[in-house]
Amino acid sequence: MKAFLHRCFWSFLNRTYKWWPDSLWLRIIYKTKFQRNLNLDDPQSFNEKLNWLKLNDRNPLYTRLANKYDVKEYVRECIGDEYVVPCYGVWESFDDIDFDKLPDRFILKCTHDSGGRIVCTDKATFDKRRAKERLETTMRNNFFWWTREWVYKDVKPRILADMLLDDHTGEVLRDYKFWCFNGVPKYMYCTIKNDDVFENFYDMDFNVVNIDHGFKRAVPEFDKPVCFELMKTLAGKLSKGIPFVRVDFFLVEGRVYFGELTFYDWAGLRPFATYDQDLELGRLIALPNKS
């Protein structure tokens with residue numbers, strides 16, 4: 001009976017989620033994830049503050065920075081063109097893409113997406129039909145609604161093709177993600193994604209930090225990247241004036257490339273191993289004037 005009621009509850013939410021006011025919807029989803037009430041009146045924890053920021057810190061600049069294409073110009077302005085992954089084109093529909101003008105290897109992704117991408121390693125064998133199906137489905141989605149990450153709400157859906165980053169090791173490319181607080185990087189986690197997801201957290205001296213966001217640590221620990229200090233400096237510049245943002249980089253054959261800016265890590269809806277850790281990290285986020 002309990003399982004039946006659970007299915008009915010989620011079925012009801014799936015049918016009605018666009019009807020709910022943002023703050024009420026976030027309270028509902030937060031309760032299901034954390035088994036505690038979301039405190040929006042006096043948020044204290046890391047995840048509570050991220051959800052407060054969704055509702056209250058709506059700087060129009062953030063929509064530009066969440067746009068996978070428009071953010072490239074912002075990065076050029078802040079830190080320089082050499083850190084921007086080259087883009088081969090941007091289109092409003094899949095049928096507009098001229099594949100003859102693309103190189104043999106590239107990545108396709110949507111400007112308003114979060115995490116999705118299609119990798120082409122050989123244009124001659126690239127499955128365009130499947131790519132079209134996936135991208136057209138993504139183009140119809142608005143990633144704002146389920147998690148109320150408002151920065152995605154008004155991003156114009158388009159498709160872009162970027163250069164495929166490859167360090168030629170045969171391994172999954174590592175992603176270096178810096179947690180930045182008002183322009184100050186405090187922690188970085190190195191992540192790899194294959195059949196599983198691993199997150200290894202480090203401080204700004206690259207000492208191991210026991211932040212447990214619910215993922216395994218890779219073993220052995222990662223070596224300090226050769227451009228760690230440079231990435232730290234760049235992350236500080238890109239995050240200046242933002243209460244919290246995650247700044248991602250890739251390191252390819254000794255060269256740093258900007259990945260993306262993420263304003264609400266895991267949508268502010270992923271518990272830490274303990275609530276005490278959630279509270280401790282929450283102290284690093286200084287919320288803008290609540291008035």
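Keep in mind it's a predicted model, so treat the numbers as computed, not measured.
Results of the ring pair (Phe, Tyr, Trp, His ring centres under 6.0 Å) test with F215 over F201, W266, F198, Y189 single out W266 as the only residue that passes. No option in D278, I285, L279, L284 other than L284 meets the side-chain contact (heavy atoms from CB on, under 4.5 Å) test with L281.
R148 and D22 are joined by a salt bridge, as a carboxylate oxygen and a charged side-chain nitrogen come within less than 4.0 angstrom of each other. A salt bridge links E73 to R76: one of the charged nitrogens lies within less than 4.0 Å of a carboxylate oxygen. By the 4.0 Å N-to-carboxylate-O rule, E77 lies close enough to R64 to be salt-bridged with it. A salt bridge links D166 with R105: the distance from a Lys NZ or Arg NE/NH1/NH2 to an Asp or Glu carboxylate oxygen falls below 4.0 Å. Using a 4.0 Å cut-off between a side-chain N of Lys or Arg and a carboxylate O of Asp or Glu, K68 and D113 do not qualify as a salt bridge. For the pair D70 and K156, the salt-bridge criterion is not met [side-chain N within less than 4.0 Å of a carboxylate O].
Residues passing the side chain to side chain donor-acceptor pair (under 3.5 Å) test with Y74, sequence neighbours excluded: none.
Proximity of R27 to K31: side-chain heavy atoms (C-beta onward) are nowhere separated by under 4.5 Å. A heavy-atom distance below 4.5 Å is not found between the side chains of F272 and F34. Between L65 and V245, the closest side-chain pair of non-hydrogen atoms is not below 4.5 Å. The shortest side-chain heavy-atom distance between F249 and L234 falls under the 4.5 Å cut-off. Counting only heavy atoms from C-beta outward, the side chains of K232 and F178 approach each other to under 4.5 Å. Between F106 and L102, some side-chain heavy-atom pair lies under the 4.5 Å cut-off.
Outside the 6.0 Å centre-distance limit, the rings of W19 and W25 are not counted as a close aromatic pair. With ring centers used as reference points, H112 lies 6.0 Å or more from Y152.
Note on V90: it does not cluster hydrophobically with V71, by side-chain heavy-atom contacts below 4.5 Å among ILVMFWY residues.
Summarising the geometry, atom CG belonging to L135 is positioned 8.0 Å from atom CE belonging to M139; distances are rounded to the nearest 0.5 Å.
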Verdict with reasoning, Y62 to F263, per ring-ring contact (aromatic ring centres under 6.0 Å, His included): CA-CA 8 Å; Y62 299 167; F263 290 86; 4.6 Å; yes
Could you walk me through whether D162 and K72 pass salt bridge (Lys or Arg N to Asp or Glu O under 4.0 Å), step by step? CA-CA 11 Å; D162 274 353; K72 291 176 181 289; 3.1 Å; yes
Apply ring-ring contact (aromatic ring centres under 6.0 Å, His included) to the pair Y176 and Y257, showing each step before the final yes or no. CA-CA 10 Å; Y176 300 95; Y257 289 97; over 10 Å; no
Show the numbers, then the answer: is there a ring-ring contact (aromatic ring centres under 6.0 Å, His included) between F228 and F206? CA-CA 8 Å; F228 180 74; F206 211 74; 5.3 Å; yes
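By the 30° and 60° cut-offs, the orientation of the rings of F94 relative to F99 is tilted.
Note that K101 lies outside the cation-pi zone of Y88, set by a 6.0 Å cut-off to the ring centre and a 45° limit from the axis.
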